[in-house]
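Below: the structure, in structure tokens.
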Amino acid sequence: MQKFIVIPDSFKGTMSSGEICSIMQKSILRHYPQAEVVCIPVADGGEGSVDAFLQALGGKKIYVTVQGPYGEPTEAFYGLLPDGTAVVEMAAAAGLPLVGDNKHAEKTTTYGAGQLMVAAAEAGCTSLIVGLGGSATNDGGCGAAAAAGVRFFDAAGTSFVPVGETLHKIVSIDITSLHPRLQSLPIITMCDIDNPLCGPNGAAAVFGPQKGADEQCVAMLDKGLAHMAAIVRRDLQREILNLPGAGAAGGMGGGMCAFFGSSLQMGIETVLDTVKFDELLQKADMVLSGEGKIDSQSLRGKVVIGVARRTRKYGVPLLAIVGDVGDDIEAAYDEGVTGIFSINRVAVPYSEARIRARKDLALTVENILHFMQHILP
């Protein structure tokens, strides 16, 4: 075995993808000391996405002072990769950790996320990846758009920056003043959910409560997003109401499409394209991937399955090393997964399992490689 690719998702609440890469790499080199090990930590667009890209590809983190969720000065950042691609995680400027217990989804803004996009564009980036996830907001991305030059007008003809509770006041939208660099910059939005903008599976209903919205507030936010979508349809000729993924990050998925003309893409597909994964596979002997749990939801295109669909094209075996294995995952093998292994070596509650997860992961990889050495050259 000459070349391994290690490309795991994080085990949520237990290990980051970077930690998992390190543990797997050490185990591989212990058994195959001459092997090349390529580590690609994966993040889904939320917190940690910039660090994951920088760890995988190199580059630098650039800090910018922007408006936080309530308009307060906040130090945020974006990543600049060696090829000129900038990576923005909107949670750096509008994430839940920034509001603590002061959760009011109807009052928070994504304005700072837009400022990060503008900063990256003005710094000369050649393309832009925007990661959605972990937001404290429900403004449909209007704040980010306003920071980038899009104007929203109320009934009096006055421009304003909408938040969740004022979306219903939008009477017209003008995108002609969108920042010139952002008008021509290729923008991909990482979005790992397929929730529509509104309705029982929409941004407000599904994610509003965790951002501090009670039942009455959820109904108000949902109505506001539907109103925004109607104005977008009329003024911008873009349909986002039922767009899969539009409900991500408080409707910012829809806003990225409406105001920036961005495409929505599963996080793993964005990562694989950005690191040129197909080229890396050309001389690879084996790929190790993993996630906290593989189940029927994984089959919709999460990390392991996204990777497997690529490895299958090149006939490279893929081992999925996971926390838990759910029922009805046989279809994973049809997608390109060669084997699935749980790191849970002892039947204990999660509270205990997470404490020993790092050691159990290392031991599981060691066990697999010990077996491989006896059957493979």
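Closest of all the heavy-atom pairs between Leu197 and Ala229 is CD2-CB, 3.8 Å. Across every non-hydrogen atom of Asn201 and Pro196, the tightest pair is O-CD, 3.5 Å. Taking every heavy atom of both residues into account, Asp235 and Ile173 meet most closely at OD2-N, 2.9 Å. Counting all heavy atoms, side chain and backbone alike, Glu89 lies closest to Leu116 at O-CD1, 4.5 Å. Of all non-hydrogen atoms in Ser262 and Thr189, the two that sit nearest each other are OG-OG1, 2.7 Å. The two residues Lys302 and Met266 have their closest heavy-atom pair at N-CE, 4.4 Å.
Two residues are said to be in side-chain contact when any heavy atoms from C-beta on lie closer than 4.5 Å; Arg358 and Met15 meet this criterion. Contact check for Gln2 versus Tyr32: no side-chain heavy atoms found under the 4.5 Å cut-off. Within the 4.5 Å cutoff, the side chain of Val307 has heavy atoms near those of the Phe277 side chain. Using a 4.5 Å cut-off on side-chain heavy atoms (C-beta onward), Ile170 and Cys142 make contact.
Using a 4.0 Å cut-off between a side-chain N of Lys or Arg and a carboxylate O of Asp or Glu, Lys107 and Glu165 qualify as a salt bridge. Under a 4.0 Å N-O distance rule, the pair Arg151/Asp174 qualifies as a salt bridge.
Ring centroid separation for the pair Phe152 and Phe259 comes in under the 6.0 Å cut-off.
For Glu215, the CD atom sits in a loose shell: 12 or fewer heavy atoms of surrounding residues, nucleotides or ligands are nearer than 6.0 Å.
A distance of 11.0 Å separates NE2 of His179 from CE of Met117, quoted to the nearest 0.5 Å. A distance of 13.0 Å separates CD1 in Ile368 from CD in Gln373, rounded to the nearest 0.5 Å. The line from CG of Leu369 to CD1 of Ile28 is 6.0 Å long, rounded to the nearest 0.5 Å. Atoms CD1 and CD1, on Ile340 and Ile294 in that order, are 4.0 Å from each other to the nearest 0.5 Å. For the atom pair CG (Leu81) and CG (Leu57), the distance works out to 5.5 Å, reported to the nearest 0.5 Å.
For Lys26, the salt bridge (charged side-chain N to carboxylate O under 4.0 Å, His left out) test picks out no residue, with sequence neighbours left out. Partners of Asp273 by salt bridge (charged side-chain N to carboxylate O under 4.0 Å, His left out), not counting sequence neighbours, listed by chain and number: Arg310.
Hydrophobic clustering of Ile, Leu, Val, Met, Phe, Trp and Tyr side chains at less than 4.5 Å, counting indirect connections, unites Val337 with Ile40. In this structure, Ile129 is not a member of the same hydrophobic cluster as Met256, with clusters built from ILVMFWY side-chain heavy atoms closer than 4.5 Å.
No side-chain donor from either of Thr108 and Lys103 sits under 3.5 Å from a side-chain acceptor of the other. Inspection of the Asn344 and Asp324 side chains reveals an N or O donor paired with an N or O acceptor under 3.5 Å.
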Practice item. Could you walk me through whether Ser135 and Thr110 pass side-chain contact (heavy atoms from CB on, under 4.5 Å), step by step? Key: CA-CA 9 Å; Ser135 81; Thr110 56; 5.9 Å; no
